[in-house]
Amino acid sequence: MRIVVLTGAGISAESGLRTFRAGDGLWEEHRLEDVATPEAYASDPSLVHRFYNARRSATSQAQPNAAHHALAALQQQHDLTLVTQNVDDLHERAGSTQLIHMHGELAQALCASCGHRWSSPAEMDVTTTCPSCRKATARPDIVWFGEMPYHMENIWKALENAEIFAAIGTSGQVYPAAGFVQHARRNGAHCIELNIDPTAVSRDFHEHIIGPATETVPEWVKEL
Ligand code: NAD
């Protein structure tokens with residue numbers, strides 16, 4: 001079966017990584033526009049580096065949970081395109097391959113001057129230099145608000161061919177990911193939302209499985 005799964009911060013919540021829309025709309029005490037935009041990086045790069053250094057450290061201490069493992073197992077049995085909005089590496093550490101990180105990854109650094117990418121050190125700061133052009137313009141390889149998500153052409157194509165589309169632990173408030181359900185549905189996919197709560201786009205799905213991802217995802221994968 002051809003399946004596209006989109007995951008969001010909710011799948012990593014039970015691994016101890018905080019989502020950002022849960023209560024107060026802050027991500028680890030920060031307003032998103034202060035840490036996750038090109039404007040924030042231009043005006044206070046040290047703060048942005050400190051924020052992502054802390055996210056990298058939290059991720060390295062977290063472990064993949066039963067939901068990450070279930071999706072890695074699903075890939076063994078079906079033609080699965082796994083798309084994540086998460087910047088952590090818990091899907092990879094659970095064994096998923098051919099993973100699309102549409103919003104970039106904490107594990108990668110990007111040179112804001114020449115576009116070179118390399119494995120990020122655990123900590124970056126304003127003196128971190130690009131190994132290619134030697135300028136001190138290293139930034140996390142994260143797609144910030146206002147920037148274009150990665151691999152969109154491949155994602156739209158996979159959605160057009162999908163028989164099943166599932167969105168797991170994502171609030172449906174960040175576009176273009178929030179529009180994937182409509183695209184998949186228009187092209188004939190059966191659409192399922194797995195979330196602990198209803199979301200902004202719940203009405204676009206054919207089916208809803210409500211509950212914590214560590215319980216609902218392994219159960220759903222077993223039924224498939
Ligand atoms: P979001 O924070 O906007 O929404 C999280 C969603 O997960 C909510 O709908 C919530 O109801 C649901 N949820 C919470 N706990 C759950 C659980 N245990 N089981 C199932 N569902 C649960 O997240 P988003 O939609 O992914 O958008 C957030 C953006 O923030 C992404 O672009 C991502 O790059 C970034 N982000 C990433 C991480 C990470 O990499 N772990 C963490 C926070 C934010």
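Please read these numbers as outputs of a predicted model, since none were measured by experiment. Order of listing sets the numbers, starting from 1, for every ligand and every atom in it.
By heavy-atom distance, the residue among N86, I210, D88 lying nearest atom 41 (N) of ligand 1 is D88. Of the candidates N195, T216, D197, it is N195 that places a heavy atom closest to atom 8 (C) of ligand 1.
Residue contacts with ligand 1: L194 is placed with no nitrogen or oxygen under 3.5 Å of a nitrogen or oxygen of the ligand (distance criterion only). Below 3.5 Å of separation, one finds an N or O of Q85 facing an N or O of ligand 1. Checked against a 3.5 angstrom limit, the closest N/O atoms of V174 and ligand 1 fall outside it. Geometrically, ligand 1 and T170 share a nitrogen or oxygen pair separated by less than 3.5 Å.
Classification of the F205-F165 ring pair by plane angle, with boundaries at 30° and 60°, yields parallel. A parallel orientation is assigned to the rings of H206 and H190, their planes being inclined by less than 30° (bins at 30° and 60°).
Within ligand 1, counting atoms from 1 as listed, the ones closer than 4.0 Å to a heavy atom of P212 are 19 (N). Annotation for ligand 1: atoms under 4.0 Å from non-hydrogen atoms of E14 are 17 (C), 18 (N), 19 (N). Short contacts between ligand 1 and G169, defined as distances under 4.0 Å to a heavy atom of the residue, involve ligand atoms 5 (C), 6 (C), 7 (O), 21 (N). Within ligand 1, the atoms closer than 4.0 Å to a non-hydrogen atom of A13 are 15 (N), numbered from 1 in the order shown. When each atom of ligand 1 is checked for a heavy atom of G8 under 4.0 Å away, the hits are 26 (O). Ligand-side atoms of ligand 1 in range of R18: 42 (C), 43 (C), range being under 4.0 angstrom from any heavy atom.
N187 places a side-chain N or O within 3.5 Å of a backbone atom of H183 that can act as its donor or acceptor partner. Side chain of H68 to main chain of L90: no donor-acceptor pair is present (N/O by atom type, distance under 3.5 Å, no hydrogens or angles).
Side-chain contact of Q98 with T81: a donor-acceptor pair under 3.5 Å is absent, judged by distance alone.
If you run side-chain hydrogen bond (donor to acceptor under 3.5 Å, both in side chains) between H101 and each of Q85, E92, H91, only E92 comes through.
Both tests pass for R55 against the ring of F51: distance under 6.0 Å to the centre and angle within 45° of the axis. Remark: R117 is positioned above the aromatic ring of Y150, its terminal NZ or CZ atom under 6.0 angstrom from the ring centre and at most 45 degrees off the axis.
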Checklist line | Test log, rule salt bridge (charged side-chain N to carboxylate O under 4.0 Å, His left out), inputs E160 and R2 | finding: CA-CA 10 Å; E160 280 154 25; R2 289 185 305 281; over 6 Å; no
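For the pair V4/F180, no side-chain contact is recorded, criterion being any heavy-atom separation below 4.5 Å from C-beta on.
At a 4.0 Å heavy-atom cut-off, ligand 1 touches A213 through backbone and side chain alike.
Not a single heavy atom of Q173 sits closer than 4.0 Å to an atom of ligand 1. In this structure, R55 does not count as a contact residue of ligand 1, since none of its heavy atoms falls inside 4.0 Å of the ligand.
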